[in-house]
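Everything below concerns the one structure shown next.
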Amino acid sequence: MLVPQGVSIDAATGSVSPSTGRYEKRVSELAGLYRDRVAVSDHLARRGDTLAYEVVDYRHPESDIAFGTTIMQPGRIGAEYFMTRGHFHIRRECAETYQTLRGRGILLLESRQGETRTVEMKPGIVAYIPPDWAHRSINVGDEPLIFAWFCATDAGHDYGEILERGMRMLVVEREGEPRLEPNPSYAA
Ligand code: PAN
Ligand code: ZN
């Protein structure tokens, strides 16, 4: 039987206690997300296979709700900021919320029909991700971007589509500022 529990989420580190799982993603595993392949090789050669982001969760299969944190390091590959893979939920009716705890980011969303929206990520903002919108988080600041997410336990992650065709828009650094630009390699 599940019992009520207070779960501590540290806004400075993103640690979740108690937690039920954790994974990390390093630059080499995310190489395919970035347009500038030379910049990926350059990063790996100069800085090594650095940590890009970690996900920690509090998840019980018997419960319909799960939550956790994503802890994103600051950084860029060429003009593109560190970003998550991005996904649709397998169960298309499942929405999600992201509450930013630390840092500065852009949540890039794309509907199934191809409409793009962004939501600013900063402490004090809870982003609502409607059902069937692909979502990717981008750390545009110079400190970790940490957010807590809340979602249906069995929403599932569908990474295939975004991985294959990319997203229609990119968030790139231009003269020190994040800018939304059309993705030249978007494969419709
Ligand atoms: C989040 C994301 C997390 C990592 O928990 O899974 O931020 O992003 P990717 O899964 O796209 O690599 C969420 O949206 N869960 O549904
Ligand atoms: Zn999600």
Side-chain angles (χ1 to χ4, degrees), residues 14 24-44 46-47 49-55 69-89 95-149 151 157-188:
E24 58 182 45
K25 289 282 163 203
R26 292 184 176 268
V27 169
S28 64
E29 294 172 82
L30 304 169
L33 299 183
Y34 296 96
R35 294 195 69 230
D36 189 343
R37 298 302 155 89
V38 175
V40 174
S41 311
D42 203 53
H43 179 101
L44 295 173
R46 285 171 198 251
R47 315 240 337 251
D49 195 7
T50 60
L51 184 64
Y53 64 93
E54 300 164 69
V55 178
T69 57
T70 300
I71 306 152
M72 300 183 68
Q73 296 307 309
R76 269 189 286 125
I77 301 286
E80 290 182 274
Y81 300 94
F82 278 8
M83 63 179 114
T84 58
R85 289 166 288 181
H87 58 270
F88 286 99
H89 292 149
E96 184 165 12
T97 56
Y98 282 4
Q99 179 177 12
T100 302
L101 304 173
R102 176 179 173 189
R104 209 174 128 239
I106 293 176
L107 178 60
L108 177 64
L109 301 114
E110 196 174 297
S111 74
R112 197 66 79 168
Q113 292 71 35
E115 185 183 345
T116 295
R117 292 286 180 100
T118 58
V119 177
E120 188 182 6
M121 298 177 81
K122 64 179 184 185
I125 303 275
V126 176
Y128 171 64
I129 302 165
D132 221 19
W133 282 70
H135 43 289
R136 161 178 286 167
S137 316
I138 300 151
N139 185 353
V140 300
D142 48 21
E143 63 169 323
L145 172 66
I146 298 176
F147 60 91
W149 47 266
C151 191
H157 297 92
D158 172 6
Y159 291 109
E161 213 171 311
I162 300 297
L163 214 58
E164 275 163 37
R165 63 164 171 80
M167 291 184 79
R168 286 169 164 82
M169 303 296 282
L170 302 176
V171 177
V172 290
E173 193 256 8
R174 300 286 181 224
E175 289 153 10
E177 291 299 320
R179 274 240 305 265
L180 191 65
E181 293 184 358
N183 178 2
S185 19
Y186 175 74

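Atom set for the values below is all heavy atoms of this structure, side chains included, hydrogens, waters and symmetry mates excluded.
Not counting sequence neighbours, Asp158 has no partner by the side-chain hydrogen bond (donor to acceptor under 3.5 Å, both in side chains) test. Arg26 is linked by a salt bridge (Lys or Arg N to Asp or Glu O under 4.0 Å) to Glu24, counting only residues two or more places apart in sequence or in another chain. Legend: residues meeting ring pair (Phe, Tyr, Trp, His ring centres under 6.0 Å) with Phe147, ordered by chain and number and at least two apart, are Tyr98.
Contacts classified as salt bridge (charged side-chain N to carboxylate O under 4.0 Å, His left out) and involving residues 96-112 (residues at least two apart or in different chains) are given here: Arg102-Glu143, Glu110-Arg165, Glu110-Arg168, Arg112-Asp132, Arg112-Glu161. Among residue pairs with one or both ends in residues 113-126, those qualifying as salt bridge (charged side-chain N to carboxylate O under 4.0 Å, His left out) are Glu115-Arg117, Glu120-Lys122; sequence neighbours excluded. Applying the salt bridge (charged side-chain N to carboxylate O under 4.0 Å, His left out) test to pairs two or more places apart or on separate chains, those with a residue in residues 69-86 are Arg76-Glu173.
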query: Taking it one step at a time, do Met167 and Thr116 satisfy side-chain contact (heavy atoms from CB on, under 4.5 Å)?
result: CA-CA 9 Å; Met167 291 184 79; Thr116 295; over 6 Å; no
message: What verdict does the side-chain contact (heavy atoms from CB on, under 4.5 Å) test give for Thr50 and Gln73, after you've listed the backbone C-alpha separation in whole Å, the side-chain angles of each residue and the deciding distance to 0.1 Å?
response: CA-CA 9 Å; Thr50 60; Gln73 296 307 309; over 6 Å; no
message: Pair His87, His135 - check side-chain hydrogen bond (donor to acceptor under 3.5 Å, both in side chains), show working.
response: CA-CA 6 Å; His87 58 270; His135 43 289; 2.8 Å; yes
- prompt: Does the pair Tyr128 and Val119 meet the rule for a side-chain contact (heavy atoms from CB on, under 4.5 Å), with working shown?
  reply: CA-CA 9 Å; Tyr128 171 64; Val119 177; over 6 Å; no
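Rounding to the nearest 0.5 Å gives a distance of 9.5 Å between CG of Asn139 and CD1 of Ile146. Between atom CG of residue Leu108 and atom CE of residue Met83 there is a gap of 9.0 Å, rounded to the nearest 0.5 Å. Between atom CZ of residue Arg136 and atom CG of residue Leu33 there is a gap of 5.5 Å, rounded to the nearest 0.5 Å. Separating the CG atom in Leu180 from the CD1 atom in Ile106 is a distance of 7.0 Å, to the nearest 0.5 Å. The structure places CE of Met121 at 5.0 Å from CG of Leu145, a figure rounded to the nearest 0.5 Å. Atom OG1 of Thr84 is separated from atom NZ of Lys25 by 11.5 Å, given to the nearest 0.5 angstrom.
The two atoms that bring Phe88 and Ala134 nearest to each other are CE2-N, 3.4 Å, heavy atoms only. Annotation for Pro74 and Pro144: closest pair CD-N, 4.0 Å, computed over non-hydrogen atoms. When all heavy atoms of Leu30 and Ala52 are compared, the pair lying nearest together is CD1-CB, 3.6 Å. Minimum interatomic distance between Tyr81 and Val172 (heavy atoms only, all atoms of both residues): CE1-C, 3.6 Å. Nearest approach of Arg174 to Ala79, heavy atoms of both residues: NH1-CB, 3.9 Å. Listed here is the closest heavy atom pair of Gly78 and Ala39: N-CB, 3.4 Å.
Using a 4.5 Å heavy-atom threshold, the side chains of Val55 and Trp149 count as touching.
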